[in-house]
Amino acid sequence: MDKVLSNKWVIALYVLPSLLLILAVIYVPLVLTGYYGLMEWDAVSPMEYIGLDNYSRLIEDGAFWASVRHSLVFAVMSTLSLILYLAVAMILSANIRGANLLRKIYLIPMLLSSVAIAQLWLKIYHPTTGILNGFLEWIGIENTPAWLSDTKVVLWAVFIPILWQYAGFYIIIYYAALKNIPATLVEAARIDGATSVQIAFRIKLPLIFEVIKVTIVLAVVGSLKYFDLIYVMTGGGPNGASEVMASYMYNAAFDRREFGYGSAIGFFLLVICLVATWGIRRLTATKDTIEYS
Amino acid sequence: MNSANTMKLPAATSRSFAGRLGKGVLYVLLVVAAIVQLLPLVWLLFFSLKNNQEVFNLPAFSLPKELRWENYELVWTRGHIGRYLWNSVWITAVSVGLTILLASFVTYAITRMRWRLSTLVLGLFMIGIMIPVHSALIPLFNMFNKAGLIDSQLSLLITYTAFNLPLTIMILLGFYYALPREVEEAAIMDGCSVNRLFFRIILPMTSSVIATAAIINMIYNWNEFIFVNTFISTDSLKTLTVGVQNFIGQYTVNWGAIGATLMLSILPIILIFLALSNRIVEGIAAGSVKG
């Protein structure tokens with residue numbers, strides 16, 4: 001058995017194709033991004049080495065830092081919205097009739113492409129014909145905002161579809177984790193006189209903390225690299241008011257043909273995503289993991 | 001003891017009444033949330049069957065007076081929706097197949113075979129989950145450009161397969177670890193080769209988790225935007241997601257046509273969801289809970 005399962009040729013045959021593929025398509029490009037960041041390059045004429053100029057330009061680029069700020073705002077708001085999702089999942093997991101159907105309904109927006117969602121919400125936000133302003137006028141609000149062309153509200157307006165889109169995803173993750181808690185533990189607490197609120201905060205939350213950690217990483221990193229929906233809905237506008245890191249990078253490279261500068265932004269994006277992942281894991285590290293079986 | 005019981009009784013009943021009332025309120029909240037999730041899509045369905053006059057003059061949620069299927073007819077004949085649909089179907093199918101096969105190979109080698117670098121290789125795949133695709137986009141564009149793969153659908157097959165491998169392996173891992181080894185041991189005793197063992201025994205045994213991973217992959221590939229938008233410029237080579245985006249650009253004032261295009265683009269996913277919702281839910285739960 002051991003001999004058969006440590007045959008070098010078979011292992012190479014099974015692992016190498018995939019390994020070479022991710023090295024060539026994911027890891028080599030990541031290194032190249034950092035390298036291209038040292039170049040002046042428009043993708044037509046040859047690259048020209050300019051040292052750290054792109055990176056020092058990045059540090060002084062106010063529009064870039066605005067996009068970083070917007071990405072961070074999204075990361076914070078996405079993390080806060082996890083509380084809402086967790087609350088829904090908590091209620092849903094308390095033997096609610098129709099819980100299975102409800103969580104499937106919550107999930108539907110998540111299955112649609114960001115393009116379709118963006119186009120739909122463009123219509124919802126339409127200043128005169130959209131349902132949102134239609135509803136606001138119906139309940140008597142005048143001077144309804146022009147959601148996506150107002151620099152003060154656009155960032156919040158873009159966040160609402162994100163909240164809508166990802167609700168089902170996180171609710172399903174939390175629901176599965178909560179259902180995973182052995183019923184005997186909750187029963188024992190109830191017999192000891194714990195209230196539902198106490199059970200939720202003292203027993204359920206600590207037991208699913210590992211999952212909560214994973215979702216915080218997903219929400220933060222997901223927000224930092226958020227792109228499709230914003231690119232389609234606003235293109236980062238008006239006047240950069242909804243620009244995020246990924247859209248700023250994309251516009252620099254593929255619109256303005258500054259591929260060297262775009263690469264520098266891409267490299268920064270990579271670093272900040274990895275640092276955020278590491279940082280969150282570090283901050284939420286627990287000394288002992290809770291085990292139950 | 002007796003008195004303690006009677007003391008407790010009223011408190012218990014009042015709590016259960018409050019509890020039931022509370023539960024009712026919470027239930028209403030859950031249903032409201034479900035309505036919020038569905039309402040935009042219902043509105044989309046309605047305006048896809050109206051003409052502009054009806055959209056602008058009638059209340060948003062009024063039923064279409066007559067069902068204007070001509071909106072659908074218009075976009076189906078004018079746009080290349082059929083073409084985009086076919087591109088999406090085959091690109092998704094091929095890359096999901098490739099991803100599942102390659103990921104199964106890797107997962108099998110990591111969970112069952114003994115070799116020195118297996119932890120390192122697994123680490124490389126797992127870190128891949130956190131990598132933002134945008135950071136690899138410009139070099140990939142340059143590489144494909146040099147290889148003559150820009151504006152070729154091969155670039156999509158390659159990137160979809162590579163970027164989906166990490167998550168797929170993660171979904172498969174938990175299942176493989178839990179798989180009993182006895183069957184394999186018996187097969188090897190009987191002189192079965194590893195390849196035969198893998199294709200005849202392991203793959204069939206993992207068919208349920210393969211289905212789950214395939215559906216998750218399918219949804220990601222079907223909705224993928226940035227690679228198609230960057231690598232493909234010829235209209236007839238685009239997938240539904242991006243093709244629809246360009247097509248809508250031409251119809252900014254015709255709401256019915258836009259609604260019909262969007263409905264057609266989300267319909268395949270909605271149908272698959274109706275057929276396989278349990279597996280999709282399971283796949284999403286499996287993909288992250290185990291991480």
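Throughout, protein chains are lettered first and strands after them, A, B, ... in sequence-line order, and every chain is numbered starting at 1.
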- Side chains of A/Tyr14 and B/Ser104: do they bring a donor and an acceptor to under 3.5 Å? no
- Message: So for A/Tyr35, is it side chain, backbone, both, or neither that comes closer than 4.5 Å to the heavy atoms of chain B?
- Response: neither
- Message: Is A/Ser18 close to chain B through its backbone or its side chain, or both, or neither, when contacts mean heavy atoms under 4.5 Å?
- Response: both
- Message: Which atoms of A/Lys8 are under 4.5 Å from chain B, going by heavy atoms: the side chain, the backbone, both sets, or neither?
- Response: neither
- Between A/Leu107 and B/Phe273, is a side chain to side chain contact (heavy atoms under 4.5 Å, CB included) present by the stated rule, with each step listed? CA-CA 10 Å; A/Leu107 185 66; B/Phe273 174 71; 4.2 Å; yes
- Query: Nearest heavy-atom pair of B/Ala162 and A/Ile26: which atoms, and what distance?
  - Reply: O-CD1, 3.8 Å
- When the 4.5 angstrom heavy-atom criterion is applied to A/Val25 and chain B, the contacting part is both
- Task: Could you look at A/Phe259 and say if it's the side chain, the backbone, both or neither that has a heavy atom under 4.5 Å from chain B?
- Result: both
- Message: Between B/Val121, B/Ile272, B/Leu44, B/Ile248, who has the most heavy-atom pairs with chain A when the cutoff is under 4.5 Å?
- Response: B/Ile248
- Identify which part of A/Met47 has an atom lying under 4.5 Å from any heavy atom of chain B, answering side chain, backbone, both or neither. side chain
- Message: For chain A, which candidate among B/Thr161, B/Thr99, B/Leu30 shows the most heavy-atom pairs at distances under 4.5 Å?
- Response: B/Leu30
- Region of A/Tyr36 in contact with chain B, defined by heavy-atom distances below 4.5 Å: side chain
- Task: Pick one of side chain, backbone, both or neither for A/Tyr27, based on which atoms fall under 4.5 Å of a heavy atom in chain B.
- Result: side chain
- By a 4.5 Å heavy-atom criterion (distance strictly below it), what part of A/Ala118 contacts chain B: side chain, backbone, both, or neither? neither
- Task: Pick whichever of A/Lys225, A/Met245, A/Lys123 has the most heavy-atom pairs under 4.5 Å with chain B.
- Result: A/Lys123
- Query: Going by heavy atoms in the side chains, are B/Pro132 and A/Leu224 under 4.5 Å from each other?
  - Reply: no
- Item | Atom group of B/Phe225 that falls short of 4.5 Å from chain A, counting heavy atoms | both
- Does the side chain of A/Leu21 reach to within under 4.5 Å of the side chain of B/Ile158, using non-hydrogen atoms? yes
- Query: Are B/His134 and A/Phe227 close enough that their ring centres sit under 6.0 Å apart?
  - Reply: yes
- Are B/Phe105 and A/Val15 side-chain neighbours, meaning at least one heavy-atom pair lies under 4.5 Å? no
- Query: Can you check whether B/Ile270 reaches A/Leu112 side chain to side chain, under 4.5 Å on heavy atoms?
  - Reply: yes
- Quick one: what part of B/Ile258 sits under 4.5 Å from any heavy atom of chain A, side chain, backbone, both or neither? side chain
- Task: Heavy-atom distances under 4.5 Å only: say whether A/Tyr231 touches chain B with side chain, backbone, both or neither.
- Result: side chain
- Go through the steps for A/Lys104 and B/Asn278 under the test side chain to side chain contact (heavy atoms under 4.5 Å, CB included), then give the verdict. CA-CA 8 Å; A/Lys104 283 178 190 168; B/Asn278 281 328; 2.9 Å; yes
- Query: At a heavy-atom separation under 4.5 Å, does A/Leu102 approach chain B through its side chain, its backbone, both, or neither?
  - Reply: side chain
- Query: Checking heavy atoms, do the side chain of A/Trp41, its backbone, both or neither come under 4.5 Å from chain B?
  - Reply: side chain
